[in-house]
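Accompanying notes for the structure given below.
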Amino acid sequence: MVINKWKSRSNFILFLLPALAFYFFFAILPLLQGFWLSTTNWDGTAPWTPAQISIPVFEKKVLDQTPNPSDRALLLKYYTKNTVAGMYQRHDLYGLDRYRLLMIFSARGIVNPDFQNIGLKNYSDIFTGNIDPKFFPQNYHQAKFQEGDPLDNIRLIPINEWQRRFTNHIHDQADLAFLGQAYTLTPKGYELNKSFIPLSSTDIQVALAAIPGVGDAYNDFYGDVTDAGAQLKAPGIVNDLIQKLGPVKAHKIAPAGLAQLQTLGNYAYKEAYLKHLVAHYWYTAKIRMGVLVFTIFFTVFNVLFVNILALLLAFALDTKIKSRNILRSVFFIPNVLSLIIVAFIWQLIFTQMLPKLTGYSDWIMNPDIAPWLTVLVATWQGVGYYTIIYLAGLQNVPQELLEASSIDGARAWTNFRKVILPMIFPAITICLFLSTAGALKTFDIIFALYPSNSTAVGVDNVVINIFYDAFRDKHAGAATAKAVLLMAVILIISGIQITLTKKKEVEL
Amino acid sequence: MSSENSILSQPTKKIQVGWIIFEIVMILLALIFVYPTIYILINSFKGTQEIVVNPIGLPPHPSFANFINVLQQVGAGGYTFLQSLLNTLLITVISVSGVILISSMAAYVLARTKSKASWVIFSIFAFFTVIPFQLIMVPLVVLATDLQFQNIWGLSLMYWGLGAPAAVFMYHGFIKSIPYSLEESASMDGASHTRLFFQIVLPLLTPITATITILDILWVWNDFLLPYIILKQGTLVLFQFNFFGQFTQDFGALTASLVMSATPIIILYFAMQKFIIKGISAGAVKG
């Protein structure tokens with residue numbers, strides 16, 4: 001066989017070039033640019049070169065210092081003199097010209113403060129915790145009562161909560177005294193005195209409006225009184241307001257009406273004051289996982305559940321049951337669906353079916369349950385895929401052994417450990433690493449389950465966080481720095497996988 | 001694989017009953033597993049009011065009104081369901097055929113050339129597996145604006161570059177396993193390299209081509225993030241995504257839209273099931 005060497009080399013390049021060129025252009029080049037962007041303070045939208053420069057600086061420092069006529073033409077193409085503003089203003093520019101202008105400017109030593117090299121600051125910020133606090137675990141207060149909630153919700157406060165949240169926390173003696181007047185200690189807990197505010201807020205408003213002569217004024221009056229209560233103003237405020245009401249309206253109100261106004265105003269004031277105090281101090285202290293810990297939580301449980309379930313399913317399907325082919329197809333269905341469809345299916349289940357079925361409606365938006373729901377959906381979607389890989393691994397195991405193990409329980413465990421496990425170990429390694437990498441990079445499911453509120457519910461993982469950093473919160477530089485660190489983590493995981501697989505191969 | 005009709009060597013009654021119970025349990029488990037999809041399918045034939053009142057039961061008055069409604073809706077960017085479907089079809093065809101062509105060519109010369117350069121280039125392709133998409137995401141958006149690539153062709157060409165590494169990897173493994181002799185005799189007959197590849201080698205690669213085609217169709221068809229940041233609207237998945245943002249409370253339309261956008265891929269799955277399952281086991285074990 002004689003093949004012209006030159007010809008074969010040119011063929012090598014000719015055949016290789018298309019794939020290599022596209023790969024280089026849409027993966028390697030962006031990768032290198034990603035490294036570069038991670039050392040800048042770019043927000044993702046700001047122009048790389050200054051949007052405007054004062055006329056003398058542009059003409060003296062840039063234009064005059066640029067010898068190349070085509071560079072000068074380029075500068076004048078994109079920057080137009082605006083004598084009124086005293087500036088050269090830049091037009092939109094894309095493509096190679098963007099890079100050429102950036103080089104011209106940086107050669108002249110002019111940097112756009114919105115796009116400058118900040119070295120490894122993005123990285124050091126991540127490691128020193130000098131970034132968005134929601135990236136790391138944090139304490140937060142979950143209020144047990146909102147100011148808008150009805151008074152009935154705070155008729156009874158448990159004794160230990162009272163001590164923990166009120167006695168130990170409220171330093172203002174006046175506030176403590178006020179609460180002491182409002183509540184009485186009973187065996188059940190601290191109960192709100194019936195006489196303290198005997199009417200509901202609607203009753204108060206109806207009664208106020210009914211006082212002859214008050215008429216439309218009640219609305220302003222009620223609003224002012226409750227505002228004062230919420231701002232914890234002095235209790236005499238009701239008198240002041242009646243005084244103020246006086247010159248215009250009070251002469252129309254009979255003395256009995258004024259007394260009633262006084263009583264009702266006081267109730268409204270006390271109610272607002274009480275609600276404000278309780279809403280402020282009655283809470284549960286909780287820990288929010290933050291992006292980092294949630295990512296670990298999600299990855300660990302997703303990998304665990306997916307692999308255990310897939311392995312069990314594979315064992316069940318690698319038997320003689322007649323429906324095994326159909327069952328295998330069924331368990332694989334979620335895997336061919338788009339992750340967006342999968343997430344929306346479950347969104348409807350969580351918001352429609354589960355509340356109807358259980359009578360409990362707070363599923364998807366509940367920060368305690370939501371992390372588990374994301375794991376559930378991801379596991380449901382992924383389990384079929386890993387079942388197939390485990391099934392392929394189990395095909396290496398001699399059939400008689402599997403049969404024996406399914407018949408004789410006593411021998412089964414030994415068989416499993418001594419024979420089956422070593423045979424499917426390669427499949428386990430592959431599945432563990434594939435599922436870890438997959439779980440770390442889970443984006444679509446969480447993004448579609450929580451299109452705008454994943455941050456509020458606390459189910460942002462690293463890739464979601466990077467996405468929001470890059471496109472919503474305008475920290476493209478910091479976002480790419482996080483992505484570089486993610487790549488480092490994936491590199492380490494792949495390294496471990498390769499060493500493990502190599503080691504096993506040597507042993508076999 | 002064990003054959004369907006092989007029976008235990010000495011079946012006893014007790015074991016038979018055990019198998020039947022086991023089989024029933026497995027079928028029940030599978031039903032629970034697919035229930036969410038069945039739930040969506042059933043509800044797509046109900047009106048929104050019927051879904052709110054009774055989300056679990058069968059539709060009292062089954063109707064196709066929801067489906068017609070979805071077909072008539074004009075989503076974000078003026079794309080209807082059918083236009084989005086057509087766009088997705090176009091993107092998938094252009095992307096996957098391109099990936100297949102360029103990857104098989106590259107993998108062929110890489111697998112058949114034993115040189116340092118070939119090894120290095122292959123490693124560069126293999127390196128792609130550790131690049132998280134989030135790292136190239138922002139630069140890709142910059143690139144797409146620079147090249148004016150925010151259209152179907154631009155997106156498809158990006159898929160060529162992003163799909164090539166995995167395809168090269170799988171082709172490479174497969175080509176290594178086929179004997180050299182056929183090509184040798186053909187080249188002795190004086191066939192040019194190009195003819196040799198397209199007439200002799202490519203037909204030999206059909207099994208792995210089928211696998212890669214299926215896997216890449218599933219990937220491109222279902223992909224969300226790349227189309228989302230490059231196009232914002234116009235593909236089926238994006239139609240679905242924007243639809244949920246638009247009709248948050250119209251549960252009839254929402255369920256119907258899910259059924260409609262899932263149908264094409266479900267049909268493909270049941271038609272190509274064998275390839276898909278074989279492809280995944282092969283792809284994973286080799287990867």
Side-chain angles (χ1 to χ4, degrees), chain A residues 1 11-12 15-16 18-20 22-23 25-27 30-31 33-34 37 44 94-95 98 316 321 323 327 329-331 333 336-341 344-346 348-349 352-353 356 385 388-389 392 395 399 403 430 434 441 443-444 448 451 463 466 470 476 480 483-484 486-487 490-491 494, chain B residues 1-2 8 22-23 26-27 30 33-34 36-37 39-40 51 55-56 102-103 105-106 108-109 113 128 130-132 134-140 143 145-146 158 160-162 164-165 168 184 187-188 193 218 222 224-225 237 240-241 244-245 251 258 261-262 265 269 273 277 280-281 284-285:
Chain A
M1 183 177 80
N11 258 302
F12 183 75
F15 271 55
L16 195 61
L20 202 58
F22 278 100
Y23 173 55
F25 223 71
F26 295 118
L31 175 73
Q33 202 177 27
L37 289 178
Y94 298 108
R98 176 181 357 214
I321 59 171
S323 48
L327 290 177
S329 314
V330 166
F331 284 111
I333 287 177
V336 294
L337 294 178
S338 130
L339 292 159
I340 300 297
I341 294 180
F344 285 150
I345 289 177
W346 281 95
L348 291 177
I349 297 274
Q352 288 284 304
M353 196 199 86
K356 204 81 184 174
Y385 180 81
I388 304 258
I389 303 178
Q395 243 105 62
Q399 271 302 303
E403 275 159 25
I430 291 162
L434 279 180
K441 290 190 263 183
F443 177 87
D444 298 13
V463 287
I466 292 173
T480 22
V484 170
L486 177 65
M487 182 169 140
I490 294 173
L491 262 173
S494 315
Chain B
M1 262 177 239
S2 60
L8 291 176
F22 179 61
E23 179 131 25
M26 285 309 294
I27 290 171
F33 185 85
V34 281
T37 48
Y39 170 85
I40 298 296
I51 297 178
I56 293 153
I102 64 174
S103 310
M105 284 163 60
Y108 172 63
V109 289
T113 314
F128 182 70
V130 297
I131 304 175
Q134 278 67 25
L135 179 47
I136 58 174
M137 174 173 77
V138 173
L140 274 179
L143 194 63
T145 16
D146 281 346
M158 290 187 168
W160 288 18
L162 296 173
V168 165
E184 227 165 21
S187 70
M188 274 201 270
H193 267 92
L218 287 176
N222 288 333
F224 169 72
L225 190 48
V237 174
Q240 181 69 80
F241 184 77
F244 259 66
F251 299 113
L258 285 175
S261 45
I265 210 80
Y269 169 57
Q273 219 195 106
I277 289 180
I280 281 171
S281 0
V285 174

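Computed from a predicted model, the values in this text were never measured in an experiment. Within every chain, numbering begins at 1; the chains are lettered A, B, ... in the order of the sequence lines, protein sequences first and strands thereafter. Computed from heavy atoms alone, side chains included, the values below leave out hydrogens, waters and symmetry copies.
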Rounded to the nearest 0.5 Å, the CD1 atom of B:Ile277 sits from the OH atom of A:Tyr385 at a distance of 12.5 Å

The reported gap from CD1 in B:Ile265 to CD1 in A:Ile341 (rounded to nearest 0.5 angstrom) is 8.5 Å

Interatomic distance, CD1@B:Ile40 vs CH2@A:Trp346, rounded to 0.5 Å, equals 10.0 Å

**OP:** Could you walk me through whether B:Phe244 and A:Leu348 pass the side chain to side chain contact (heavy atoms under 4.5 Å, CB included) test, one step at a time?
**Re:** CA-CA 11 Å; B:Phe244 259 66; A:Leu348 291 177; 4.2 Å; yes

Note: A:Phe331 and B:Ala30 closest approach over all heavy atoms is CZ-CA, 3.8 Å

*Are B:Phe224 and A:Ser338 side-chain neighbours, meaning at least one heavy-atom pair lies under 4.5 Å?*
no

Cut-off 4.5 Å, heavy atoms of chain A, and the answer for B:Ile131 is both

Max heavy-atom pairs within cutoff under 4.5 Å with chain B, candidates A:Lys441, A:Gln33, A:Gln352, goes to A:Gln352

Okay, B:Thr145 and chain A: the region with an atom under 4.5 Å from a heavy atom over there is both

Whatever's closer than 4.5 Å to a heavy atom in chain A on B:Gln273 counts as side chain

When rounded to the nearest 0.5 Å, the distance separating CD1 of B:Ile56 from NZ of A:Lys356 is 8.0 Å

Looking only at A:Ala27, A:Ser494, A:Ala316, the option with the highest number of non-hydrogen pairs under 4.5 Å against chain B is A:Ala316

By side chain to side chain contact (heavy atoms under 4.5 Å, CB included), B:Ile102 pairs with (sequence neighbours left out) A:Pro18, A:Ala19, A:Phe22, B:Trp160, B:Ala164

Residue from A:Ile349, A:Leu339, A:Thr480 scoring the most non-hydrogen pairs under 4.5 Å with chain B is A:Ile349

Practice item. Report yes if some heavy atom in the side chain of A:Val484 is under 4.5 Å from a heavy atom in the side chain of B:Leu135; otherwise report no. Key: yes

*Is the backbone of A:Val336 close enough, under 3.5 Å, to the side chain of B:Asn222 for a donor and an acceptor to pair up by distance?*
yes

* Asked: Can you check whether A:Ile345 reaches B:Leu258 side chain to side chain, under 4.5 Å on heavy atoms?
  -> yes

With chain B, the option among A:Leu337, A:Val330, A:Leu37 that has the most non-hydrogen atom pairs under 4.5 Å is A:Leu337

Honestly, the part of A:Phe443 sitting under 4.5 Å from a heavy atom of chain B is side chain

Quiz prompt | Residue pair A:Ile466, B:Met137: steps toward the side chain to side chain contact (heavy atoms under 4.5 Å, CB included) verdict | solution = CA-CA 10 Å; A:Ile466 292 173; B:Met137 174 173 77; 4.1 Å; yes

Interface check, chain A: of B:Ser261, B:Pro55, B:Pro139, most non-hydrogen pairs under 4.5 Å belong to B:Pro139

Just wondering, do B:Pro132 and A:Val463 contact through their side chains at under 4.5 Å, heavy atoms? no

From the list B:Leu162, B:Thr37, B:Val168, B:Leu140, the residue making the most non-hydrogen contacts under 4.5 Å with chain A is B:Leu140

Turns out that what part of B:Phe33 lies under 4.5 Å from chain A's heavy atoms comes down to both

Answer key: most heavy-atom pairs under 4.5 Å with chain A among B:Ala106, B:Gly245, B:Ser103 is B:Ala106

CE (B:Met105) and CG (A:Asn11) are apart, to the nearest 0.5 Å, by 9.0 Å

Here the gap from B:Gln134 atom CD to A:Met487 atom CE, rounded to the nearest 0.5 Å, amounts to 13.0 Å

Applying side-chain hydrogen bond (donor to acceptor under 3.5 Å, both in side chains) to A:Ser323 and not counting sequence neighbours gives B:Glu23

So, the part of A:Ile340 with a heavy atom under 4.5 Å from chain B: the answer is side chain

- Item | B:Phe22 atom CZ: more than 12 heavy-atom contacts under 6.0 Å | yes

**Message:** With a 3.5 Å distance limit and no angle check, can you tell me whether B:Tyr269 reaches the backbone of A:Ser329 through a side-chain donor-acceptor pair?
**Reply:** yes

